[in-house]
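Just so it is clear, the model here is predicted, and its values are computed rather than measured. We count residues from 1, following the sequence as given.
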Amino acid sequence: MGMGSSLEKLFKRERTVHEILGGGIVADVMLWRKKNVSVGIVTVTIGSWMVFETFSYTILTLLSSVLLLLLSIFFLWSKSASILNRPSPPLTECQVSEEMAEEASKFLRIHVNKLLQVSYDIAMGRDAELFIRVAVYLFLIAFIGSLMDFQTLCHTGVLVVMAVPAFYERYEDCIDGSIVLIYNKAKELYLRFKIWAYPEHKKLS
């Protein structure tokens with residue numbers, strides 16, 4: 001059976017990569033169908049990283065400097081406009097509505113409760129598969145965090161997002177076949193671990 005067989009589609013999905021990513025402008029940019037925008041994002045990301053590294057800037061320092069510059073410009077603009085009888089800066093008053101606050105609170109509550117439930121299930125030993133997945137994710141996060149700081153991680157994340165989907169779309173069949181083989185091996189190892197960790201299941205079966 002070839003790697004391009006429909007039986008070896010990753011997770012037996014039927015949608016294309018473009019559809020999975022939303023099928024809109026964001027998907028077009030991530031898959032390099034709008035090359036000018038994609039090149040611009042990659043260029044800005046690399047350029048900003050070089051600026052941060054060269055001048056020892058941090059994200060907090062940059063945001064503070066930009067905010068200070070903008071506030072100074074608008075303050076002087078408003079003062080000079082009142083003196084010279086010119087129009088004030090075209091700014092609208094921004095406020096967080098009660099509806100937006102409730103939606104944000106609801107979204108945060110749901111996900112925090114999910115996190116607490118997952119943590120509780122793992123602590124009570126209810127789901128060995130979930131424990132393994134979480135342990136692997138935490139190990140990867142700790143390992144990546146030991147290699148780079150948060151700032152570099154953000155820049156690297158943008159580059160990964162701009163590179164991985166396009167690369168996957170181009171070599172989709174080959175990658176799917178390889179991942180399915182690895183998944184089957186991992187599933188076999190997990191079943192062996194489950195039998196070792198929970199021998200009573202083996203006796204019942």
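No more than 12 heavy atoms of other residues, nucleotides or ligands sit less than 6.0 Å from atom CD1 of Ile25. Under a cut-off of 6.0 angstrom, the local environment of CE in Met148 is crowded, with over 12 non-hydrogen atoms contributed by other residues, nucleotides or ligands.
Between Lys106 and Glu102 there is no salt bridge, since no side-chain nitrogen of the basic residue lies less than 4.0 Å from a carboxylate oxygen of the acidic one.
Taken to the nearest 0.5 Å, the OG atom of Ser78 stands 11.5 Å off from the CD1 atom of Ile73. Between the CD atom of Glu129 and the NZ atom of Lys187 there is a distance of 9.0 Å, given to the nearest 0.5 Å. Interatomic distance, Leu71 CG to Leu67 CG, rounded to the nearest 0.5 Å: 4.5 Å. Considering CG of Asn36 and CD1 of Ile41, their distance stands at 11.5 Å, rounded to 0.5 Å. Atom OG of Ser64 sits about 12.5 Å away from atom CG of Leu69, to the nearest 0.5 Å. In this structure, the separation between CG on Leu159 and SG on Cys154 is 11.5 Å, given to the nearest 0.5 Å.
The shortest side-chain heavy-atom distance between Glu53 and Thr152 falls under the 4.5 Å cut-off. Between Trp49 and Gln151, every side-chain heavy-atom pair lies at or beyond the 4.5 Å cut-off. Side-chain contact between Asp28 and His18 is present, with at least one heavy-atom pair separated by less than 4.5 Å. Within the 4.5 Å cutoff, side-chain heavy atoms of Trp32 are placed close to those of Val39. Between Ile175 and Tyr171, the closest side-chain pair of non-hydrogen atoms falls below 4.5 Å. Side-chain contact between Glu169 and Arg33 is present, with at least one heavy-atom pair separated by less than 4.5 Å. Using a 4.5 Å heavy-atom threshold, the side chains of Asp176 and Tyr168 count as touching. Using a 4.5 Å heavy-atom threshold, the side chains of Met162 and Val29 count as touching.
Nearest heavy-atom pair across Gly23 and Ala27 is N-CB, 3.7 Å. The minimum heavy-atom distance between Pro87 and Ala81, with the atom names listed, is O-CB, 3.5 Å.
Of the possible polar contacts, one joining the Ser119 side chain to the Leu115 backbone as a donor-acceptor pair under 3.5 Å is found.
Listed by chain and number, the residues in a ring pair (Phe, Tyr, Trp, His ring centres under 6.0 Å) with Tyr137 amount to none (sequence neighbours excluded).
Grouping the Ile, Leu, Val, Met, Phe, Trp and Tyr side chains by contacts below 4.5 angstrom, directly or via other members, places Phe167 apart from Ile46. Transitive grouping of hydrophobic side chains (ILVMFWY, heavy atoms separated by less than 4.5 Å) brings Ile122 and Leu140 into a common cluster. Linking ILVMFWY residues whenever their side-chain heavy atoms come closer than 4.5 Å, directly or via other members, leaves Ile141 and Leu147 in distinct clusters. Under the 4.5 Å side-chain heavy-atom criterion for ILVMFWY residues, no single connected hydrophobic cluster contains both Val44 and Val161. Leu130 and Leu116 fall into different hydrophobic clusters, where Ile, Leu, Val, Met, Phe, Trp and Tyr are joined by side-chain heavy atoms under 4.5 Å apart, directly or via other members.
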Item to complete: Evaluate side-chain contact (heavy atoms from CB on, under 4.5 Å) for Val17 paired with Leu21, printing each intermediate quantity in order.
Response: CA-CA 6 Å; Val17 177; Leu21 295 176; 4.0 Å; yes
### Message
I'd like to know whether His155 forms a side-chain contact (heavy atoms from CB on, under 4.5 Å) with Ser48, so could you lay out the CA-CA distance, the side-chain angles of the two residues, the decisive distance to 0.1 Å, and finally the verdict.
### Response
CA-CA 8 Å; His155 286 87; Ser48 61; 3.0 Å; yes
Practice item. Determine, step by step, whether Val42 and Ser38 satisfy the side-chain contact (heavy atoms from CB on, under 4.5 Å) criterion, reporting the C-alpha distance in whole Å, the side-chain angles of both residues, the deciding distance to 0.1 Å, and the verdict. Key: CA-CA 6 Å; Val42 171; Ser38 301; 5.7 Å; no
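The aromatic rings of Tyr190 and Phe193 lie tilted to each other, with the angle between the two planes from 30° to 60°. Ring orientation note: the planes of Trp77 and Phe74 are close to parallel, at an angle under 30° on the 30°/60° scale.
Counting only N and O atoms by type, the side chains of Gln117 and Asn113 include no donor and acceptor under 3.5 Å apart.
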